[in-house]
Amino acid sequence: MATLLTIQGGKPLQGRVRVRGAKNLVPKAMVASLLGSEPSELRNIPEIRDVEIVTSLLAIHGVKVDHDLEAGSLTMDPRETRNATYSEIDTHAGDSRIPILFCGPLMHKNGEAFIPDLGGCRIGDRPIDYHLEVLRNFGAVVDKQPSGIRISAPKGLLGAKLELPYPSVGATEQVLLTAVLAEGITELKNAAVEPEIHDLIQILQQMGAIISVNTDRTIRIEGVERLSGYRHRAIPDRNESASWASAALVTQGDIYVEGAAQRDLTAFLNTYRKIGGEFEVYDDGIRFWHGGGALQPLVLETDVHPGFMTDWQQPMVVALTQAAGVSIVHETVYENRFGFTHALQRMGASIQLHRECLGSNPCRFGQRNFLHSAVISGPSKLHGADIDVPDLRGGFSHLIAALAAEGTSRVTGIEVINRGYEKFLDKLTGLGADVELSER
Ligand code: EPU
């Protein structure tokens with residue numbers, strides 16, 4: 001039996017939603033608890049599938065995890081860490097990309113790690129070559145097997161001089177989680193500096209790590225012998241905040257996003273204002289609404305922080321289908337992140353995809369066979385359609401398109417959205433959306 005979400009479009013979303021800890025920080029902070037010799041406590045935990053997956057991964061490695069749903073807090077006790085069996089790990093194959101970040105901590109604790117085939121959203125090749133290369137530089141031995149990767153450190157892990165070919169978030173986290181207990185000094189050039197990375201650094205510093213970040217994207221880590229636990233409140237999810245902000249714009253609504261933090265949304269807010277959205281910043285959140293009149297088209301390029309995030313692109317593309325004129329969006333982080341636009345075209349949007357770099361800066365994907373630039377002409381009248389959710393952000397943008405469209409949409413595959421949007425159906429209902437869940 002499949003779950004079907006029926007959406008009756010055309011109603012502005014109005015009201016209040018609460019956004020909790022960042023999906024792209026919380027699982028990594030949970031992995032960091034493995035490095036400690038004492039329990040850690042993480043607060044502001046969203047009830048999302050990715051947290052459940054990492055809870056289960058920690059549990060099979062002997063970490064006692066207690067999730068207080070009411071308080072939104074997690075305690076993680078790593079004092080009896082052990083190696084998981086192959087069958088325990090294999091049940092998580094394809095679930096998430098987080099297991100790759102267990103490599104460093106497990107090698108420090110148990111001398112080796114086994115990583116099953118990874119999952120995560122299908123938005124490009126999503127290779128792990130940077131991860132494996134940095135681990136080899138720390139002295140790890142990587143053994144690729146048909147069922148996954150066995151990785152060990154027979155001579156221990158030593159600090160290294162590293163430079164990433166591209167400022168990858170995951171590979172930067174890999175270096176941090178490995179270098180903190182490696183012997184000696186690690187220097188990482190061309191590191192990612194996303195707010196979630198800074199939050200992870202604060203957690204590691206609390207645990208006893210010595211880490212400094214230079215303005216030129218270089219991170220320097222002095223290895224220590226032992227780390228303790230941490231107590232931390234996760235930064236709010238800036239991607240979920242941006243998604244609700246876009247939903248307000250697309251449905252001509254008005255949404256107060258409790259927990260949204262201006263500090264982490266600078267590039268998004270600039271774009272929001274340019275397209276015609278209004279916002280007001282408060283101590284505990286941001287109110288977003290449609291400013292009235294026609295939305296303005298624009299030229300947009302996704303980029304690593306502090307640029308316009310790739311995860312903000314999809315809901316913003318839906319808003320651009322409602323702007324009066326031609327917009328250009330150049331996706332420079334992932335080579336294949338416009339698959340979701342096909343459903344928008346079926347709903348009446350005018351979007352053409354191109355292989356060329358249509359932004360002002362050529363990117364890694366130019367002159368290759370990737371449809372990574374989009375030309376959007378608007379405004380288009382959207383109508384309801386049958387949709388199968390392709391990935392997390394694409395799926396959420398389909399929901400908001402359906403909410404703005406005329407008529408009925410029938411959406412399948414919504415389980416994917418639970419990976420990163422806490423209780424999104426309750427939130428939609430609370431905002432006045434006409435949505436109904438059924439089994440078929
Ligand atoms: N890349 C490689 N080789 C590697 C690692 C990355 O070529 O070994 C490439 C990727 O294919 C991509 C680029 O580098 O083209 C950037 O990838 P990055 O490593 O930065 O992404 P990630 O760590 O896998 C996280 C988020 C993504 C978010 C990106 C960019 C998590 C769990 N995921 O992915 O979030 O889009 O950083 O900020 O933190 C989402 O939330 O929907 C999502 C996909």
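All ligand and atom numbering here is 1-based and tracks the order in the structure. Just so it is clear, the values below take in all heavy atoms, side chains as well, and ignore hydrogens, waters and symmetry mates.
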Item checked: Which segment of T310 sits under 4.0 Å of ligand 1 when only heavy atoms are counted -> side chain
Notebook entry, point to check: Between the candidates S168, G420, P127, A192, which shows the shortest non-hydrogen contact distance to atom 19 (O) of ligand 1?
Noted result: S168
Notebook entry, point to check: Is it true that E173 lies under 4.0 Å from ligand 1, counting heavy atoms only?
Noted result: no
Check: Is R287 atom CZ crowded by more than 12 heavy atoms from other residues, nucleotides or ligands, each under 6.0 Å away?
Finding: yes
Check: Are side-chain N/O atoms of T302 and E331 paired as donor and acceptor at under 3.5 Å?
Finding: yes
Next item on the list: For ligand 1, note which part of Q313 has a heavy atom under 4.0 Å away: side chain, backbone, both or neither.
Entry: neither
Notebook entry, point to check: Which pairs with one or both residues in residues 195-220 pass ring pair (Phe, Tyr, Trp, His ring centres under 6.0 Å), sequence neighbours excluded?
Noted result: none
Item checked: Row check, Y166 ring normal vs R364 NZ/CZ: under 6.0 Å, within 45° -> yes
Notebook entry, point to check: Applying a 4.0 Å heavy-atom criterion (strictly less than), which segment of R393 is in contact with ligand 1: side chain, backbone, both, or neither?
Noted result: side chain
Item checked: For I128, the ligand 1 atoms whose distance to one of its heavy atoms is below 4.0 Å -> 8 (O)
Next item on the list: Compute whether any side-chain donor of one residue and acceptor of the other, for N369 and R355, lie under 3.5 angstrom apart.
Entry: yes
Item checked: Side-chain H-bond candidate by donor/acceptor type, T310 with R337, under 3.5 Å -> yes
Next item on the list: Of the side chain and backbone of N24, name the one, both, or neither that has a heavy atom under 4.0 Å from an atom of ligand 1.
Entry: both
